[in-house]
Amino acid sequence: MSSDDGSSKKVSRKPRYSRFTQQELPACKPILTPALVIGILMCLGIIFIPIGLLALSASENVVEVVDRYDDVCIPSTDQKVGFIKDPATNKTCIRSFTIPKKMRKPVYVYYQLDNFYQNHRRYVKSRSDRQLWNPKAESSTTPCDPEGQTSDGKPIVPCGLIAWSLFNDTYMLSKNDAALQINKKDIAWRSDRTHKFGSNIYPKNFQNGTLIGGAKLDESIPLSQQEDLMVWMRTSALPTFRKLYGKIETDLEANEKITVTIQNNYNTYSFNGRKKLVISTATWIGGKNDFIGKMYMAVGGTSIVLGVIFSLLYVFKPRPLGDPSYLSWNKSPTLD
Amino acid sequence: MKLEDNTTRHDNPRLIHINDPKKTCDNSHFSGNEIRTSKYTLLNFLPKNLFIQFHRVAYLYFLAIAALNQLPPLAVFGRTVSLFPLLFVLTVTAVKDGYEDWRRHRSDRNENNREALVLQSDGFHPKRWKMIQAGEVLKISSDETIPCDMVLLATSDPSGIAYIQTMNLDGESNLKTRYARQETNKLFLEGTMISGIITCEQPNRNIYEFMANMELNGNFLPLSQSNIILRGCQLKNTEWAVGVVVYAGQDTKAMLNSAMSPSKRSRLETYMNRETFWLSVFLLIMCLVVGLGMGLWLNRHKFQLDTLPYYRKVYFQKGKDGKKYKYYGIPMETFFSFLSSIIVFQIMIPISLYITMELVRLGQSYFMIGDQHMYDSLSNSRFQCRSLNINEDLGQIRYILSDKTGTLTENKMEFKKASIWGKSYGDSKAGSREIDATVEECMGSGRKWKLKSEITPDTELIKLLYKDLHGEERIAAYDFFLTLAACNTVIPILTGIPSSISGSLLSDGQTSIDYQGESPDEQALVAAASAYGYTLFERTSGHIVIDANGEKLRLDVLGLHEFDSVRKRMSVVIRFPNGSVKVLVKGADTSMFSILKKDLPCDDRMRHVTQVHLNDYSSEGLRTLVVASRDLSGELLAEWQQMYEDACTSLTDRVVKLRQAAALIECNLTLLGATAIEDRLQEGVPEAIESLRQAGIKVWVLTGDKQETAISIGLSCRLLTADMHQIIINGNSEHECRKLLCDAKAKYHVNYITGEEDRPTFGPLALIIDGNSLVYILEKDLEYELFNLTTLCKVVLCCRVAPLQKAGIVDMIKSRTDDLTLAIGDGANDVSMIQMADVGVGICGQEGRQAVMASDFAMGQFRFLKRLLLVHGHWNYQRLGYLILYNFYRNAVFVLMLFWYILCTAFSTTSALTDWSSVFYSVIYTSVPTVVVGILDKDLSHKTLLKYPKLYAAGHRQESYNMTLFWITMVDTLWQSLVLFYVPLFTYRESTIDIWSMGSLWTIAVVILVNVHLAMDIQRWVFVTHAAIWGSIVVTYGCMVVLDSIPVFPNYGTIYHLVKSPVYWISILLIMVIGLLPRFIFKVCRQIFWPSDIQIAREAEILRKRRPFFGSNADQDSS
């Protein structure tokens, strides 16, 4: 305080002028003129409707076959859980369906689970990513409990409930009695294969307990090649989800009959989960999904309608912009 | 606040042994002179800073959430992540505090290492300031700063005078006199060691009072304010001064006064807290839904829990009594779910908003301070923001309560008229040459004294003064001017001559003389006396010397009763060279007329005539004082002397005792006359008041002046206009006041019950009320009726009000209405009002800095108030109102999005977003644009705002922030959150989408959405705004790329995978458009059908620039 006041006598304290400090910087001040409003709405319509049409047509081009098998691949209605848990029973199940339209390669084979909360917090957190990537961090299994260590204290690799509950139904496809090759290579993300799952990490003590949650892993194959595990470990966002099982590298013609031999191993019966097999082609929009297309059409259409309404409004009930007679004190001068 | 009441009692006085620091400090622990304005040291910085920071509720909330998250069953976020927000704000604040403290340390070090001369065994030696102790004797040279509070012992002046400048203490640049006691001064000059004991008060903050006595060789000498020099002051015009340290370091009055004024909370913030309550209700509902949902879900799956992969309640192999895994039963799980949803939804309560608001206000203050239009070149002062909490209140002010003197007027006094012995002077219209001639003729050619200010003397009065000293009138005139010259505390500063004033001086040519005093009125009076030939040119504590028409008159001052607000007068007792003693009194007319002599009929006549003159003067807007005198002799004099001495040496109740002594002699006075001083209006005041009135602000003037003066000033500053009906309330009793109020109400048909009016037949009303009536009205149950009346009036003028009454009026308005009040003033008498009002504005004026110290904002001129309110107030209010709503929206839309997702995860409080993104959302991804917009956005240019003051009413109508807007925002938020959640949900329904891709999409979608939402509402795009908005989106992408490139995160590689998919991009576009389309349509419809004033003014402003011809008709209509 003292030094400031001392010098103030000689030096003028007048604030220095700059357009910034005086808040006079050149600025763009948009206002919603009628032309701008109508322009924006029309532009939206013009952009959105074509995109919507494109998306719809892309979705139309997708051919998708869905087959629910959990309810039919089980013998009796009472003993579902007992049946599925018993390792001795024969769980082979044969399903068949016809291809409605020509499916161009690659044709993707998915399995779909319903009512399976892969996004449950307890489930999502039950994994150790350090362990999957770094051989030295094998024993960092804290987040994985209760599936972190074997009962004698050895670390499980890969640990956690996610890996433990690995999906273990298998599908064998055949077309007109000839086996269809399902390519299970490159079904996981490249980043997972190359970095996230270590090429020098091998499964250890996996599914060794008495309680088996799902598939077992071949202990001689490094994690970086266990693509089913990688796909499964990318836990789904929603309780109904599909996961890629494999790809068929040949075209499927219309009306061809496909037979699937399913090993119905995976227990979804204890929580009323459904299982489906999905065979589908893909376009730029992904699988079959009309939502995007329809929404784009709807939004585009609404915009154009609104644009027209506003145009009419401006024609029939114009308010001159910046007209002072609309100011509140000019409308009711007695208020003063 | 109330200086006069501060008669502190002293049970344990402080004892200072002169020149014996050991003995002084041994008995009691007086602090040394080392000062520390810094709060921290290196060692205690961390704990102390944390301790202080955690006093804020916001930080406690963060801490509680972070602590909750550390509980194992609740660990929603990772441990480090959950601490991040808390650590972030703590670090930012700590760095800021640390930097400020480092600067304080540096300035402290500089201060402490300065050197001063200290008396040691063999004379004065330099010593560092921090080593100085109480009891030591210091020598200060001219222009040096005083290191601690000292009692003067001696000065280079033989009479013991020292001049100090108290600029650093109270901002007054004029010189003040301080005296060394003659006794010690003499001893010191003789070379004797002074030893004695000073008994003084404990350290206190009052810089205007000091009470002590000094025991010197068995005698008790009284010491007062005029004997002490305070730390921070500078010695001026005095070669050297010697004093003994009484208060050092932290005990000095300067240090004790360096505390800030109490902080206020803005109205908008109060409303905001009300809405925050609603947000807490939403938060609670959401958490309850999650908790209950969890309970119901568990109950439904009760028998499957053991086998569910994500529950694994019991290990199978151990049979029925298997090991439980983190499962505590349905009620506990429900409760934990409730708690963890609080953690996930924590930002629903926008705690960071408080920090954002602080930053925004800081930025706004930067621009207010930097505004060139609020720089006052006369006092070289910028606008000051002393409080950073209430910027936005400036946009909603409904009542302005203004002081008059120094606020509306310049407080530069000019002597205009005088009434002497029943005759008024100063009206003569004679040409200046004639006056000069007369003056020359009377005074002789050589005028010895050259004054800074020129006064044109009245010829007739000059003639009277040059008559021989005969006749009552002539003697009265003589006494009159003697009083003007003697009865004051003004110090004459002679320039161009050595400080020792010799008798030979009078034979010299002209000498320039400058009067320095605390009161501008006194300066004007002394200058006037000099113009009429009575020049005060020397003043010491014991005597004054006056050059009365060439005759050097030395008057001994026996006693001086300073002006106080109770007596409202000042008196001085002087002894003439011939031995006669007189008391000379000047004071306000109300306090003077009651103590005048009433024996003779001619006294009555005189009083009557003077009263008429006084009324004339004050109706011209002049400030008046009444001058009177009385001869003292014999017993009365002796009695008074006895009492006066007693009072002066007394440590307790000195003020009261002095008042009693004064009362003894201030009676039966002979009326000499009255003075009239003009106080000119400040520049631009009428225009400013006119604009403020148009803006719908009620301007009340509270002044200590008389009714007539107040009315005439009111007229000259266009507060009152000729067509106004004036209601005057000036009762002397409760009954009378009640009657006046009732009459006024009856006359103007005020409805008793509602206070509504049904009279458009009358013109605008003005209420003029005086302090006396206010006493009766404010203390009795009449307050309500007064308030009803004031609401009818366009103008309220309160005259003759005491400082506390000013605060009382503010309090009345505050308690009767919800409207915001602003008090503006410049003097110590306005401090209580400034502190009481919602916004206090200080004028850096002539009357010191107390008002400024107590104020929230300070500026150089009244007219800046117009710009401050209409421009900056408007901007600040608009900005902050929007900022709050936007922040509510920004946080709520995010939380609601998380909430919808949690409903799809079996109520397990999973967040699809990565922990880091959840935390960064409000801290990094979206924080900068809100701050930038809060500081830089601007709806209208200052030119428009000043041109149409009525635009200010937007603040009165609470247009930027109100309950309706809040609920509209919340509905919009709900819609946008649903769009945010459901568009991706339907897009990726039955697909292979994984949780991190979905989270990544939601993160970027919500960030883009809230930024585009903000962009839609921005009214002024400058490059900083562009950088902040688009930069935030870029930074978000940057962060996500970084987060997705770390292999130990489960979300590794997500963004690289996503950006290749066209669906990702078109779904973001879809979210934006569907989310914002309703808002856009709403906005357009509002602009078409219900355009706000601001909207229209803005269109006019922008379109006028684009099409210059457009504005012409706009100008005519709305001015």
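Naming convention: chains lettered A, B, ... in sequence-line order (proteins, then strands); numbering from 1 in each chain. What you see is a predicted model, and the numbers here were worked out from it, not measured in a lab.
- With a threshold of 4.5 angstrom between heavy atoms, B:L1069 approaches chain A through its backbone and through its side chain.
- A side-chain N or O of B:E990 and one of A:Q112 form a donor-acceptor pair less than 3.5 Å apart.
- Counting heavy atoms from C-beta outward, A:W133 and B:V1048 have side chains that approach closer than 4.5 Å.
- Atom CZ of B:R957 has more than 12 heavy atoms from other residues, nucleotides or ligands within 6.0 Å.
- The local environment of NE2 in A:H195 is sparse, with at most 12 non-hydrogen atoms from other residues, nucleotides or ligands closer than 6.0 Å.
- In this structure, A:P15 and B:R382 have side chains that are in contact, with non-hydrogen atoms separated by less than 4.5 Å.
- For A:L313, the part sitting under 4.5 Å from any heavy atom of chain B is the side chain, from C-beta outward, and nothing else.
- Neither the backbone nor the side chain of B:D376 comes within contact range of chain A; no heavy atom of the residue lies under 4.5 Å from a heavy atom of that chain.
- To the nearest 0.5 Å, the span separating CG on A:L32 from NZ on B:K1083 amounts to 6.0 Å.
- When side chains are defined from C-beta on, B:W996 counts as touching A:T235, because their heavy atoms get closer than 4.5 Å.
- Between the side chain of A:R319 and the main chain of B:Q1087, a donor-acceptor pair closer than 3.5 Å is present.
- With a threshold of 4.5 angstrom between heavy atoms, A:L132 does not approach chain B through any atom at all.
- The closest side-chain heavy-atom distance from A:R122 to B:T910 is not below 4.5 Å.
- Below 30°, between 30° and 60°, or above 60°: for B:Y948 and A:W329 the angle between ring planes is between 30° and 60°, a tilted geometry.
- Heavy-atom distances place both the backbone and the side chain of A:Y123 under 4.5 Å from chain B.
- Residue B:F1089 places its CZ atom among more than 12 non-hydrogen atoms of other residues, nucleotides or ligands, all under 6.0 Å distant.
- When heavy atoms are compared at a cutoff of 4.5 Å, B:Y366 approaches chain A solely by way of its side chain, counted from C-beta outward.
- To the nearest 0.5 Å, atom OG1 of residue B:T1025 and atom CG of residue A:L25 are 9.0 Å apart.
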A:Y110 and B:T992: side-chain contact (heavy atoms from CB on, under 4.5 Å), yes or no, with the steps?
CA-CA 9 Å; A:Y110 301 98; B:T992 57; 3.5 Å; yes
Using side-chain contact (heavy atoms from CB on, under 4.5 Å), reason through A:D290 and B:F986 one step at a time and then give a plain yes or no.
CA-CA 9 Å; A:D290 291 348; B:F986 285 123; over 6 Å; no
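- In this structure, no portion of B:A912 lies under 4.5 Å from any heavy atom of chain A.
- Contacts of A:N119 with chain B are made by both backbone and side-chain atoms, with heavy-atom separations under 4.5 Å.
- Rounded to the nearest 0.5 angstrom, A:D192 CG and B:Y1052 OH are separated by 9.0 Å.
- Among A:W189, A:Y296, A:F116, A:F48, the residue making the largest number of heavy-atom pairs under 4.5 Å with chain B is A:W189.
- Between the side chains of B:D1093 and A:S328, at least one donor-acceptor pair of N or O atoms lies under 3.5 Å.
- To the nearest 0.5 Å, atoms NZ (B:K938) and CD (A:E24) are separated by 6.5 Å.
- With contacts defined as side-chain heavy-atom distances shorter than 4.5 Å, the pair B:V1073/A:L44 qualifies.
- B:E1101 has its side chain within reach of A:K29: a pair of non-hydrogen atoms, C-beta onward, lies under 4.5 Å apart.
- In this structure, no portion of A:N267 lies under 4.5 Å from any heavy atom of chain B.
- Counting heavy-atom pairs under 4.5 Å between each of A:A27, A:G286, A:C28 and chain B puts A:C28 at the top.
- Nearest heavy atom pair, residue B:S1067 against residue A:I292, reads CB-CD1, 4.2 Å.
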Does the side-chain contact (heavy atoms from CB on, under 4.5 Å) test come out yes or no for B:Y988 and A:N289, once each step is laid out?
CA-CA 8 Å; B:Y988 288 104; A:N289 191 344; over 6 Å; no
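- Interface residue A:S270: backbone and side-chain heavy atoms are both found under 4.5 Å from chain B.
- Side-chain contact check for A:R121 and B:T909: at least one donor-acceptor pair (N or O, by modelled atom type) lies under 3.5 Å.
- For B:T1054, the parts sitting under 4.5 Å from any heavy atom of chain A are the backbone and the side chain alike.
- Comparing A:R130, A:Q23, A:R16, A:K243 by heavy-atom pairs within less than 4.5 Å of chain B, the highest count is held by A:Q23.
- In this pair, B:W297 and A:H120 present their aromatic rings tilted. The plane angle is within the 30 to 60° band.
- With a threshold of 4.5 angstrom between heavy atoms, B:S997 approaches chain A through side-chain atoms but not through N, CA, C or O.
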Step by step, would you call A:T240 with B:R989 a side-chain contact (heavy atoms from CB on, under 4.5 Å)?
CA-CA 8 Å; A:T240 300; B:R989 189 188 43 190; over 6 Å; no
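- Contact of B:Y1056 with chain A is not made at all, since no heavy-atom distance falls under 4.5 Å.
- Rounded to the nearest 0.5 angstrom, B:H942 NE2 and A:Q22 CD are separated by 8.5 Å.
- When all heavy atoms of B:Y982 and A:F291 are compared, the pair lying nearest together is O-CZ, 4.5 Å.
- Here CG of B:L1077 is found 6.5 Å from CG of A:L306. Values are rounded to the nearest 0.5 Å.
- Counting heavy atoms of neighbouring residues, nucleotides and ligands inside a 6.0 Å radius, atom NZ of A:K294 does not exceed 12 of them.
- Looking at A:R127, only its side chain comes within 4.5 Å of chain B, counting heavy atoms on both sides.
- Annotation: side chain of B:S991 is not in contact with side chain of A:R242 (no heavy-atom distance under 4.5 Å).
- Interface residue A:R234: backbone and side-chain heavy atoms are both found under 4.5 Å from chain B.
- Aromatic ring centres of A:F20 and B:F367 lie closer together than 6.0 Å.
- Looking at B:Y901, the atoms closer than 4.5 Å to chain A (heavy atoms on both sides) all sit in the side chain, from C-beta outward.
- When all heavy atoms of B:C904 and A:P239 are compared, the pair lying nearest together is O-CD, 3.5 Å.
- For the pair B:W1021/A:P30, a side-chain contact is recorded, criterion being any heavy-atom separation below 4.5 Å from C-beta on.
- Most heavy-atom pairs under 4.5 Å with chain A, from the set B:M374, B:Q1019, B:M998, B:R1020: that is B:R1020.
- For chain A, the nearby part of B:I1074 is the side chain; its heavy atoms alone come within less than 4.5 Å.
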